[in-house]
Each structure stands twice: as C-alpha cells, then as structure tokens.
Protein chains: 2
Amino acid sequence: MAKLGFIGLGIMGIPMAGHLIKAGNEVYLHTRSEISKELLDIGGIACKNACEVGKNADIIFIMVPNTNHVYDVLFGKDGISNGISKGKYIVDMSTISPIDTKEFAKKINDLGCEYLDAPVSGGDVGAKNATLSIMVGANEEAFETVKPYFEIMGQNITLVGKNGDGQIAKLANNIIVALNIEAVSEALVFASKAGANPQKVKDALMGGFATSKVLDIHGQKMIDRTFEPGFKVELHQKDLNLALDNAQKLGVALPNTANTMQLYNSCIADGEGQKDHSSLVKSIEKLSNFEIQK
Amino acid sequence: MAKLGFIGLGIMGIPMAGHLIKAGNEVYLHTRSEISKELLDIGGIACKNACEVGKNADIIFIMVPNTNHVYDVLFGKDGISNGISKGKYIVDMSTISPIDTKEFAKKINDLGCEYLDAPVSGGDVGAKNATLSIMVGANEEAFETVKPYFEIMGQNITLVGKNGDGQIAKLANNIIVALNIEAVSEALVFASKAGANPQKVKDALMGGFATSKVLDIHGQKMIDRTFEPGFKVELHQKDLNLALDNAQKLGVALPNTANTMQLYNSCIADGEGQKDHSSLVKSIEKLSNFEIQK
C-alpha cells in the first residue's frame, strides 16, 4: 500500500483519485475548493494544502486546469516544494506548456525528486471508466515506478520520451483533433449545401483515406445535431492557445491551427463554449449561412 | 458478354479497362494518344474516336483528367453524344465538377440515356489491384445495371445519391484527406521542433481521437521521408481547386481548404508537384525553417 497524493479534484481528478483509493492506496488529497465527500467516505485523507500532501505522500499526482495552477501547486506559498524531501515522485497529469514543464522538472530534480509529465486524453468518461490514454515524459526508472498507478487510471500508457515530451504529444494530439474536426465540418457543410445526403457521404468515405475517429464520431454528432460534451469547446480552445503560444516561442508556423483557433473564438462568441468541440461545425455553417441538412 | 466502352486510357484507365476485358467483355477503346498495346493484345477493340465507342458499346466508361475533357468526350466534335442511341449508359469515373456533372447528366438523359457519375479513390494501386472505392451518383436502376462492372474494378462501391452526389462525395473525401495531411504536418513539425521524437509521438497518438488513416500512412511517410507517389501533389491541388470553385458557386466558405490550397501551391513552386501529397509537410517545414528530425 503506497502513500500517494492527489492535488486537483475536479471533474477529472475526483474519479482518478477515486480509482487510486479503491485500489487500496493511502491517498492524501487537496483541492482549491472543498474535497468531495465521496472520496473521504472511501478513505481519502484531507490535507489543508499542497505542502502537506507533499510531506505525507511519496508519489504526488497533480490534475489542475493550466500552467499557472501547476506552478502554484509546485512552487507557490504552501506548494509541494516546501514539503517534499528527496526521492519523491511528482506526476503532473494536467495539460500545460511543454516549455514550462521542462523548467518545472529541472527545479523538482534540483530538490532530489523525480518529475513526470503525464497528460491524458479520454475526458471525464475515460477518467470514470479508467480508460484514459496517458502520454508520459520522464526517465525510464521514474516511468516504471509510477506505471502501476497509471494502470489503475488508464489503459493506453506510453513513455513518449524525456520531460516535456508527454505535454508535446498531448498538444500534437489536440492540434490534429481540432484540425480533423474542422476538416469534417468543411466537407459535410460543402456536401450538404451541394445537395448530397451528409450521412450517405460520411458512410461512403469511411474505409477510404478520409477515415478517422473524428469523421466517425464527431462527424456523426454534426449530422445528428447532438452537441452535448464530450470535450468542451472552451477546453479545446485553451489547448490550441497553448500550442500556438509554444509554437511562437519555438519559432514554428501553424497556419491552420491559427485559423481554427479563430473559428473556436467565433464558436464561443456564439455561446457554444460549454458544448462539445464538434460544435465547430456551427462556425463553418455560420460563415456559409447554411445548416447541414439531414 | 456485354458490349462496353472505355474512353481515357491513362495510368488509371489502362488497368481498369484491362480488368473489364479479362472478365470476358467486348470492350471498345479510345484515348487521346495511342492505345496501349497490352489492351489490344488481350482483345480490346480500338476506335478512332469517342463517337465510334458510343455507337458500338452499351455501357461506356470515361476516365479522363478534368471537367473540360469530360465535356469534349461527351459533347465535342466526334463526341459520344453524336454516336449514342437510346437506352445506353454513360459512366463518368473521372473526378470533375459536381455542378457541371448535373448539367451533363441532364443533357445525356435528354438523349434517352442514363448517366452515372462514379469517381474513384484508391489511386493507380487500387486500379491495378481492382480495389478502388467507387462513389456513385445515379438512379437506382442505372446503379444496379452497372454495378457488376464496378465490382470488376473495385471493392467498396456506394450509391451516394442522385447525379452529382458521387462527385460531391469525392470532393468531400479530398477536402478531408488534404486537411488531415495538413493537420499531421503541423503536429509532427511542432512536436519535432519542440524536441520530441516524432515516431514516438505518432505511436502514442494512434488509438486515441487523433487516429486517422492519414496519421498512420502519410504521417509515417513524413517521418521516413519517403515521398514517392501515391497520389501526386498536382492532382490533389487540382481537386482542391475544383472544391473551392464549386464552393464559390454554391456560396460555401471553406477557410482551411483555401489555406491548404496555398500550401500546395507553395509545394509546387518548390518542384514537388510530382511527389506524393504527403510532401505538403515540406511547406510547413519551410515556413518554420526546420525539418522533422527522426
């Protein structure tokens, strides 16, 4: 029975920490607001701040919204760095900047601890069902040490490379997903406006080179007009912003990501921020003054 | 043994007509240049123009480069329309304008004949192996009549809808494929410039929401730097141009297709027109002054 920590108990963190507790681990918990009663009921241990989690736990998982939050949890007043001693493992499962991640890792290493960036994909459904994909940036020893706990929370666990590489893979993933959603949006709006049945077009395309998970799943949502999340427009916008910010710092040009970011901005201007990211189709429809006909 | 015609014997038409001949049909042939000797050797019958093919054959397949060529074959001097009598079937397997296709179909119907638009995907490899995907716009009776011959040339044969809908599906297909190639290009260039191993990033992403045939196949070509076609940049550029031209006429906005068209233009400016369409990655690399590191 390991001593674990979990900081950030939101829509993702609650089920993830829950799986770790139910697997029989001693789990020290902290979050900005109140800790969910269901986690305390099954044996989770409340801590008043991140520092206290760091003192008590040997492997500390973090799942918070963005780079600034991770910085605060690690190095802020009452942060983990004030409580940890040598030999501990800090595992950031949030989706944040790869460039900042490398700096965070270095500072944690300087304290004699290991750092792993381990962002996930699969959303709240994946968190609940313990089917998350986990993309890890870490050294091999640290990865093997934490892997048994990753396996309690997810299914498809990959060591991508050194620190930062997990976050890089996650941003690459979210670039592709956003641009594939945009691609399917353009194709289905075009086909429908041209007079074809979008469902038949989709069916004809699956199997060929246009095949993708996004055509299959998000394309169907666009045809059926079911936009409940899923992954929210606002969160995908945040991740594209992160990709573009890192691209600027790295000197990389991402023309279609930049363009698609503007379409997400338009989506949010129309009040679609809390809807599924397949709502991007509505921005293309608005540009064309036309809605996909079933 | 049916009397068939095949007009347009290029890289696609030769193997397609070859399959029809080998299956035991009487096939009347015409093409702009000289007819391939291999087709005559196995029993193909040479005709001096499209009109003569129209006189002799009951079902006439067309496989030529673009809309103007189809117009000439159908309605030009010595075109099919000068030779056909009522009850024949005209099957255009080229990738051309859906809007013009609808007009061509109407004119052919007015002559008492059926028209089918039946563009294919799968390239020269699919043509050789008789594994083409065929997207058909036609009425049901015409589709059922021609279907046995489609099955000699392809595998995945879909009646998408009425005339024009086959071409619409094909353009929707090529929009998605181009934008997915662009998406994978941006993601892999970003990941590599950020310092991650692009192969490991690709492997980590396959299985999640970023999964696509393009990530799998074209992404691998980008990593391995193998750009032999496959589907050529110049032909994909032609198809995007067709999509944008039809979008303009229909009043549909395709922002990322327009953007990606410019990247193909840049690719061709760099002499990549005869290379595989996954060469698009080189335009992204050029914008970023950086080549993907294996």
Side-chain angles (χ1 to χ4, degrees), chain A residues 98-99 121-122 133 135 156 158 160-161 164-165 168-169 171-173 175-177 179-180 182-184 186-191 193-197 200-201 203-205 207-215 217 243 246-247 250-257 259-260 263 284 287-290, chain B residues 98-99 121-122 133 135 156 158 160-161 164-165 168-169 171-173 175-177 179-180 182-184 186-191 193-197 200-201 203-205 207-215 217 243 246-247 250-257 259-260 263 284 287-290:
Chain A
I99 294 174
S121 82
S133 287
M135 296 157 250
N156 194 359
T158 314
V160 181
D165 288 357
I168 291 166
L171 291 185
N173 183 78
I175 288 170
I176 291 176
V177 173
L179 300 194
N180 284 8
E182 207 281 341
V184 170
E186 290 196 15
L188 292 182
V189 171
F190 172 81
K193 184 74 194 277
N197 178 318
K200 290 204 173 157
V201 170
D203 295 345
L205 266 46
F209 271 122
T211 304
S212 69
K213 232 170 203 169
V214 164
L215 175 60
I217 292 169
N246 274 264
L250 292 163
V252 174
L254 304 178
N256 283 5
T257 302
N259 213 20
T260 303
L263 296 169
I284 299 295
L287 287 173
S288 302
N289 188 25
F290 175 81
Chain B
I99 294 174
S121 82
S133 287
M135 294 156 254
N156 194 0
T158 314
V160 181
D165 288 357
I168 291 167
L171 291 186
N173 183 79
I175 287 171
I176 291 177
V177 174
L179 300 195
N180 284 8
E182 207 281 340
V184 171
E186 291 196 14
L188 292 182
V189 171
F190 172 82
K193 184 73 194 279
N197 178 316
K200 290 206 171 156
V201 169
D203 295 346
L205 267 46
F209 271 121
T211 304
S212 70
K213 230 168 205 171
V214 164
L215 174 60
I217 293 168
N246 274 263
L250 292 163
V252 174
L254 303 178
N256 283 5
T257 303
N259 213 20
T260 303
L263 295 169
I284 299 295
L287 287 173
S288 303
N289 188 27
F290 175 80

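Just so you know, these numbers use all the heavy atoms, side chains as well, and skip hydrogens, waters and symmetry mates. Just so it is clear, the structure is predicted and the values come from calculations on it, not from any experiment.
Note on Asn173(A), Val184(A), Ile99(A), Thr260(A): by heavy-atom pairs under 4.5 Å with chain B, the leading option is Asn173(A). Note on Gly161(A), Gly122(A), Ala204(A): by heavy-atom pairs under 4.5 Å with chain B, the leading option is Ala204(A). Heavy-atom pairs under 4.5 Å with chain B were tallied for Gly195(A), Gly164(A), Ser133(A), Ala243(A); the largest tally goes to Gly195(A). In terms of non-hydrogen atom pairs under 4.5 Å with chain B, the most contact-rich of Thr211(A), Val214(A), Ile284(A), Leu263(A) is Thr211(A). Interface remark: of the candidates Asn180(A), Leu287(A), Val177(A), Asn180(A) forms the most heavy-atom pairs closer than 4.5 Å to chain B.
Take Thr257(B) and apply the side-chain contact (heavy atoms from CB on, under 4.5 Å) test, not counting sequence neighbours, and it matches Glu186(A), Ile175(B), Leu179(B), Leu240(B), Leu244(B), Leu254(B). Residues passing the side-chain contact (heavy atoms from CB on, under 4.5 Å) test with Asn259(A), sequence neighbours excluded: Pro255(B), Asn256(B), Asn259(B).
Of the inter-residue distances, the one linking Ile176(A) atom CD1 with Ser212(B) atom OG reads 7.0 Å to the nearest 0.5 angstrom. Here the CD atom belonging to Glu182(A) is positioned 10.0 Å from the CD atom belonging to Glu182(B), to the nearest 0.5 angstrom. For the atom pair CG of Asp203(B) and CG of Asn156(A), the computed distance is 10.5 Å after rounding to the nearest 0.5 Å. Atom OG in Ser121(A) sits 8.0 Å away from atom CG in Leu205(B) (nearest 0.5 Å). In this structure, Asn246(B) CG and Lys193(A) NZ are separated by 12.0 Å, a value rounded to the nearest 0.5 Å.
Using a 4.5 Å cut-off between heavy atoms, Thr158(A) touches chain B through its side chain atoms alone. At a 4.5 Å heavy-atom cutoff, the contact between Phe209(A) and chain B is made by backbone and side-chain atoms alike. The contact between Ile217(A) and chain B is made entirely by side chain atoms (from C-beta outward), counting heavy-atom distances below 4.5 Å. With a threshold of 4.5 angstrom between heavy atoms, Leu188(A) does not approach chain B through any atom at all. For Phe190(B), the parts lying near chain A are the backbone and the side chain together; criterion is any non-hydrogen pair under 4.5 Å.
In terms of heavy-atom proximity, Ala172(A) sits nearest to Ala187(B) at O-CB, 3.6 Å. Scanning all heavy atoms of the two residues, the minimum distance from Ile168(B) to Ala196(A) falls at CG2-CB, 3.8 Å.
Counting only heavy atoms from C-beta outward, the side chains of Val201(B) and Val160(A) approach each other to under 4.5 Å.
Within the 3.5 Å criterion, the main-chain N or O of Gly207(A) finds a donor-acceptor partner in the side chain of Lys213(B).
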